[in-house]
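Chain identifiers are assigned alphabetically (A, B, ...) following the order of the sequence lines, protein sequences preceding nucleic acid strands; residue numbering begins at 1 within each chain.
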Number of protein chains: 2
Amino acid sequence: MSDHDVFLADCPARTTLDLVADTWSVVVVFGLGGGPHRYGELCDRIGGISKKMLTQTLRKLERNKLVERRVLATAPAGVEYRLTPLGQSLLGPVSVLARWAEEHAEELADDASAP
Amino acid sequence: MSDHDVFLADCPARTTLDLVADTWSVVVVFGLGGGPHRYGELCDRIGGISKKMLTQTLRKLERNKLVERRVLATAPAGVEYRLTPLGQSLLGPVSVLARWAEEHAEELADDASAP
DNA sequence: CAGGATCCTAATAGATACTG
DNA sequence: CAGTATCTATTAGGATCCTG
């Protein structure tokens, strides 16, 4: 890009963040952490997510091979989602973030999400 | 986990993400990882960040006590930023994310950031 | 030097209604 | 049941100019 490559912006941590830093990805991954779930189940389990965002998030996770989609041959038909091994491998790193938040909850401003 | 804990959305991992999941927070934290830096230095080191976003990101990190701001009594005057102990404690968890990205780079879609 | 103030655009996410 | 399709409000982030 430029002559001197001080472009910290492509630090690898950002790659992971690009993947899961949106509002719902992590929540969905955790939602599937306990095992496969059907679309509707997942929606209920998560609570507060719109169907649009659930679908959109699942598609993104699918494209990145974190989640696998299977159409069930049951009646009535359904669709099941599960974490791939790659998706499961992400549970660890994300749990590390979760633990950090729990340990330091009191030190953080209460409006951590504010710009 | 109890019978039904809906609203996974307040999972603690999201707290950390709210804090650092924007485009620049992690980059700035890493930029300060090696030690204190002045505003301009930091800007150069990072490269590609606008002053608006740098300031805004620093303020957010400051509010959450990850970063400390010190006005220098030098001539010409300057401002120095450094990680607080809390900020340093975040380097570990974020590095875990970075390592995950490096290990699995090939398995991910090349457009991981796409919606 | 280190920002603040403004303007502007593209992307995000929610609500709602409709469909195979 | 598992999605699309719209429409809309909010937000993030860049560019530019101004200031103590």
Quiz item: B:A77 or B:S113: which one's nearest nucleotide on DNA chain C is closer to the 5' end?
Solution: B:A77
Quiz item: Taking OP1 and OP2 of C:dA13, is either one under 4.0 Å from a side-chain nitrogen or oxygen of A:T23?
Solution: yes
Quiz prompt | Atom pair distance, as rounded to whole Å: CD in A:Q56 and C1' in D:dT4 | solution = 12 Å
Self-check item: Rounded distance in Å - CD1 (A:I49) to P (C:dA15)
Solution: 11 Å
Quiz item: Is B:R45 reaching over with its side chain to a backbone N or O of B:G31, donor-acceptor style, under 3.5 angstrom?
Solution: yes
Quiz item: Only one of A:L83, A:V29, A:L66 clears side-chain contact (heavy atoms from CB on, under 4.5 Å) with A:Q88; which?
Solution: A:L83
Quiz item: Counting side-chain heavy atoms from CB outward, which of D:dG3, C:dA2, C:dG4 is closest to B:T55?
Solution: C:dG4
Quiz item: What do you reckon, is CZ of A:R70 surrounded by more than 12 foreign heavy atoms closer than 6.0 Å?
Solution: no
Quiz item: Rounded to whole angstrom units, what separation is found between the CE atom of B:M53 and the C1' atom of D:dT16?
Solution: 16 Å
Quiz item: Taking atom C1' of C:dT12 as reference, at what distance in whole Å does atom CG of B:D22 sit?
Solution: 14 Å
Quiz item: Can you tell me how far P of D:dC1 sits from CZ of A:R69, to the nearest Å?
Solution: 15 Å
Exercise. Measure the distance from OH on A:Y81 to P on D:dC1 and round it to the nearest whole Å.
Key: 14 Å
Exercise. Considering only NZ, NE, NH1 and NH2 on the basic side and carboxylate oxygens on the acidic side, decide whether A:E62 and A:K60 come within less than 4.0 Å.
Key: no
Quiz item: Side-chain N or O of B:R38 less than 4.0 angstrom from OP1 or OP2 on C:dC1?
Solution: no
Quiz prompt | Distance, rounded to the nearest Å, where A:L54 contributes CG and C:dA15 contributes P | solution = 14 Å
Quiz item: Between B:D44 (CG) and C:dA2 (C1'), how many Å, whole number?
Solution: 13 Å
Exercise. Give a yes or no on whether a donor-acceptor pair under 3.5 Å exists between the nucleobase atoms of C:dG14, that is its base, and the side chain of A:K52.
Key: yes
Quiz item: Relative to the 5' end of DNA chain D, which residue comes earlier, A:A114 or A:G40, by the nucleotide with the nearest heavy atom?
Solution: A:G40
Quiz item: A:T57 side chain to A:W24 main-chain N or O, any donor-acceptor pair under 3.5 Å?
Solution: no
Exercise. Using a cut-off of strictly less than 4.0 Å, decide whether A:R59 has a side-chain nitrogen or oxygen near OP1 or OP2 of D:dG3.
Key: yes
